Number of protein chains: 2
Amino acid sequence: MPKQIPDIVIGRLPIYLRALLQMSLEGRQVTSSQELGERLGISAAQIRKDLSQFGEFGKQGTGYNIEFLANQVREILKVNRVWDVAIVGAGDIGRALAGYNGFSQRGFRISMIFDAKPELIGGQAGEFTIKDSRTMKEEIAAAGIQMAMIAVPATQAQAVADQLVEAGVRAILSYAPVNLNVPAGVRVQNIDPSIHLQRMTYYLE
Amino acid sequence: MPKQIPDIVIGRLPIYLRALLQMSLEGRQVTSSQELGERLGISAAQIRKDLSQFGEFGKQGTGYNIEFLANQVREILKVNRVWDVAIVGAGDIGRALAGYNGFSQRGFRISMIFDAKPELIGGQAGEFTIKDSRTMKEEIAAAGIQMAMIAVPATQAQAVADQLVEAGVRAILSYAPVNLNVPAGVRVQNIDPSIHLQRMTYYLE
DNA sequence: TAGATTGTTAATCGATTAACAATC
DNA sequence: TAGATTGTTAATCGATTAACAATC
């Protein structure tokens with residue numbers, strides 16, 4: 001059995017990766033846990049500890065080669081490959097996601113978009129033709145797609161999630177402002193701007 | 001000095017509130033820490049512990065009155081009032097946010113939207129006229145706005161954040177895929193779909 | 001009353017930090 | 001070599017859970 005890595009550590013790796021990519025864009029070759037920590041507001045010790053769960057990626061005295069470390073983190077996170085992602089819902093958010101070109105550099109490729117509204121089906125969203133969500137389950141299953149983003153109204157989200165799970169999806173990023181219940185083995189991440197705003201008002205006057 | 005509440009507790013309160021609102025919509029009057037916990041995948045003990053940081057909101061033997069508890073949580077989070085929020089960036093995401101009607105029930109009101117592109121300035125985004133971002137700092141300061149959402153390209157985000165801080169904004173929800181550095185006392189939340197997706201691929205095969 | 005559920009304490013569990021030998 | 005920084009251990013800190021008296 002492989003060593004059990006805390007989920008909170010997994011959650012920080014994408015942040016590290018994003019910072020490494022930015023440093024790389026700035027033309028930097030090498031960094032240190034201290035520098036990375038200062039940029040991210042995370043302690044240097046924590047960064048070293050997190051990375052040490054997976055191997056030894058640095059050199060004493062000099063730090064980490066940025067390109068090398070980025071590749072290692074990509075490998076750990078399994079984003080050194082391309083994941084097909086389905087979008088469900090072709091409203092404002094679904095279309096914004098379909099047109100977003102930031103996914104490809106990060107390991108993802110939008111592969112289908114679905115909606116239930118007859119007036120949207122057959123229309124365009126980014127470079128995709130919007131498909132009928134009645135065919136969703138079989139198309140996703142046939143394509144072997146494991147990841148999906150939900151951008152449908154709150155009232156529809158649970159039903160969509162259920163169908164996605166039946167189709168074999170095991171990772172869901174939901175923009176619907178409701179809690180989704182899924183079986184063990186299926187991961188869910190939520191994006192709800194109101195929730196994020198409400199996390200901050202407590203500290204305001 | 002008021003008791004110091006862990007940020008992780010504050011982070012769960014909006015989740016509780018959202019679940020309470022949903023129960024309320026379902027016509028329910030009363031719930032228990034156990035029921036709430038089952039819906040959210042959180043232990044009942046944790047919910048009781050979290051709430052007990054702020055007061056005694058339940059009744060032994062019966063549980064919590066949903067409407068009452070929701071109001072208490074709103075008060076704790078300070079979303080029993082309306083917060084004006086500025087949007088910076090009128091691309092796909094900014095316009096989706098400007099047109100989103102879910103904010104008003106959750107304590108927020110979009111009040112302005114800005115962009116730097118001449119061809120967008122003066123145009124419409126939802127019910128708003130897009131303003132010139134050169135006037136952003138003074139308009140936000142004049143209106144006393146404390147919250148903003150950033151929906152500009154990654155390359156612009158830090159400069160925008162700096163201006164927002166200068167204008168008096170103290171809570172920023174950023175959709176730009178970069179880490180923002182802000183002074184102490186300013187809170188930042190990030191929404192980056194790639195980061196959320198990358199948090200899940202580790203668990204896939 | 002009997003049953004249910006809270007609020008809270010103490011115990012457990014897990015995450016973060018400090019410190020430093022190893023070494024580039 | 002001297003200085004810097006890693007990887008790792010042990011100590012600290014903080015969060016979660018279990019358990020139960022209080023009480024509705």
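Just so we're on the same page: letters track the sequence lines, and every chain starts at 1. This one's a predicted model, so the numbers in the text were calculated from it and none came from an experiment.
Counting heavy atoms from C-beta on, the side chains of B:Tyr100 and A:Ile93 never come closer than 4.5 Å.
Taking only side-chain atoms of B:Lys49, from C-beta outward, the nucleotide of C:dT6, D:dT8, D:dT16 with the closest atom is D:dT16. Side-chain proximity of B:Ser43 to C:dT16, D:dT17, D:dG7: nearest is D:dT17. The side chain of A:Ala45 approaches C:dA18 more closely than any other nucleotide in the set C:dT16, D:dA18, C:dA18.
Close to C:dC24, at under 4.0 Å from its OP1 or OP2, lies no side-chain N or O of A:Tyr64. Here A:Thr62 does not reach the OP1 or OP2 of D:dA4: none of its side-chain N or O atoms lies under 4.0 Å away. Side-chain N/O atoms of A:Gln60 include none lying less than 4.0 angstrom from OP1 or OP2 on D:dA4. Phosphate contact (OP1/OP2 of D:dA15, side-chain N/O of B:Arg12, threshold under 4.0 Å): absent.
Nucleotide D:dT17 has C:dA10 as its partner under the Watson-Crick or G-U criteria, with both atom distances under 3.5 Å. D:dA22 is paired with C:dT5 under the criterion used here, namely a Watson-Crick or G-U wobble arrangement in which both key atom distances are under 3.5 Å.
Sequence order on DNA chain C of the closest nucleotides to A:Arg48 and A:Asp7 puts A:Asp7 first from the 5' end.
Remark: the backbone N or O of B:Ser111 is not paired with any side-chain donor or acceptor of B:Asp84 at under 3.5 angstrom.
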